[in-house]
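Just follow the structure's listing: the first ligand is 1, and inside any ligand the first atom is 1.
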Amino acid sequence: MSNHVPVYVTASITAAGVLGGAYLAYRLSQDKPTKLPETWEKVGVLKTINVFPIKSCAPVVLDTAECTYLGCRDGWLRDRVLMVVDSKNNFITARGYPELLQIFPTVRNSVLTLSHANMESVNVNLAEVVALNEPETVTVWREPVTVYDCGWEPSEWISRLIDRSSTGYRLVYYAADNCRRKRPGSDKFYKYTKNNTGALPDETSFNIVNEASIDDLNTRLPSDSQVSQRNFRPNFVMTGAQPYDEDKWKFLKIGENVFEIIKPCFRCVLTTIDPETGTRNSKIEPLTELRKYRLAETVEERKMWGNSPRMGIQLALISKPGGKVSVNDPIYAA
Ligand SMILES: *[C@@H]1O[C@H](CO)[C@@H](O)[C@H](O)[C@H]1NC(C)=O
């Protein structure tokens, strides 16, 4: 332990003193620490925090959140801890079911409320879901994941919304304290650890988009195909950087937290569905435009991701869980 102390001391002197706590927290949370950069540069400001309690549904926008290995959290409100499964117990997403984007979840104490413009809202008490159900196994991206069934009321509500059936679909709630298993293959190329994969997100527990990159993309897109951060479903939106500066960062520091950048986010057709209306863009924008200049940079990654272009980056929390992030926090990169 004693030979770690000078590293921490050096680092905290080099960076602004107020940031030292993050290094200490980082040191305490790791067995084999990643070598942390010694100099950080202020690159922008946190503009928006989005938490998506249900995979593929609308976000809850927060001013402050706690960062955990399972992602952003505010009490019972946690990122991507719920999802919809079909009658084969496999997850569904807005890629195939765009109407999911029109479901607006809110969480008050332990009560999740689902709202939709054309339906009466329905409540689910998550504390009761945990207390009254046995865990069961469903699949997400072919991987088994342990969940609780949320009962007949949300099942009926979602099924009615999707195809007017009464039982086709169910809402399920993530039943583990740890991150879910990694998707096979993904960890060969990228530096995932067991603490990076979150509850039910596709890849990592956190992601951020640089608003300047989206602004630049909009200058290239036709006026009837403009996008916003909402098309990309990030947890964090930052302002103040240059477009695509995020390509060169390895670490980010936001509020009390240090994040390592695991990989770019390679985008799918979900970005082409208007988050306000749920309609698909007829020109397949913004994917068509992004493919012209944002495909994977290396040959190996191109093999893995084909014609999925990059927008936003995926992050792993490497400082001690429980740190706060707040809107207007300065963001430092290295
Ligand atoms: C994951 O988190 C646990 C709990 O904080 C910690 O003990 C463990 O060392 C972490 N594992 C990795 C690989 O970082």
Side-chain angles (χ1 to χ4, degrees), residues 1-12 15 19-38 40 49 51-53 55 64-81 130 135 140-141 143-147 173-208 235-236 249-265 304 313-325 329 331-334:
M1 189 66 209
S2 62
N3 58 346
H4 286 167
V5 172
V7 180
Y8 160 62
V9 171
T10 313
S12 60
L19 301 169
Y23 287 95
L24 181 58
Y26 167 74
R27 288 277 156 214
L28 293 175
S29 74
Q30 297 285 307
D31 298 324
K32 271 193 266 160
T34 309
K35 194 174 175 336
L36 267 192
E38 294 188 354
W40 294 85
I49 303 172
V51 178
F52 300 85
K55 199 172 173 65
T64 296
E66 189 190 326
C67 295
T68 75
Y69 288 142
L70 293 188
C72 288
R73 163 175 209 162
D74 179 20
W76 281 86
L77 172 63
R78 297 186 293 153
D79 194 61
R80 283 133 172 149
V81 286
V130 172
V140 56
W141 294 113
E143 285 293 300
V145 60
T146 308
V147 296
Y173 183 45
Y174 192 68
D177 295 329
N178 302 329
C179 296
R180 76 183 176 90
R181 232 164 72 184
K182 292 175 257 189
R183 277 166 87 175
S186 54
D187 52 330
K188 288 199 190 109
F189 200 81
Y190 303 107
K191 242 182 71 186
Y192 285 83
T193 79
K194 280 189 204 162
N195 293 338
N196 302 161
T197 47
L200 301 170
D202 284 354
E203 290 176 313
T204 65
S205 324
F206 297 90
N207 54 77
I208 184 168
N235 296 115
F236 303 135
W249 300 332
K250 302 268 187 285
F251 296 89
L252 284 181
K253 192 154 33 186
I254 315 175
E256 299 169 350
N257 310 279
V258 180
F259 299 93
E260 183 165 9
I261 290 152
I262 300 292
K263 60 186 283 294
C265 190
M304 195 178 309
I313 47 180
Q314 290 175 322
L315 313 176
L317 179 69
I318 62 169
S319 54
K320 193 168 175 254
K324 288 264 184 312
V325 282
D329 278 346
I331 299 183
Y332 299 84

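The closest side-chain heavy-atom distance from F259 to I318 is not below 4.5 Å.
Less than 4.0 angstrom separates some heavy atom of Y69 from each of these atoms of ligand 1: 2 (O), 5 (O). Each of the atoms 1 (C), 2 (O), 3 (C), 8 (C), 10 (C), 11 (N), 12 (C), 14 (O) of ligand 1 lies under 4.0 Å from some heavy atom of N195.
Of the charged side-chain nitrogens involved, at least one lies within less than 4.0 Å of a carboxylate oxygen, so that E203 and K263 count as a salt-bridged pair. Contact check on D329 versus K324 returns no salt bridge, with no Lys/Arg side-chain nitrogen under 4.0 Å from an Asp/Glu carboxylate oxygen.
Relative ring orientation between F206 and F236 is described as parallel, the plane-to-plane angle staying below 30° on a 0-90° scale split at 30° and 60°.
The shortest N or O to N or O distance between K194 and ligand 1 is not below 3.5 Å.
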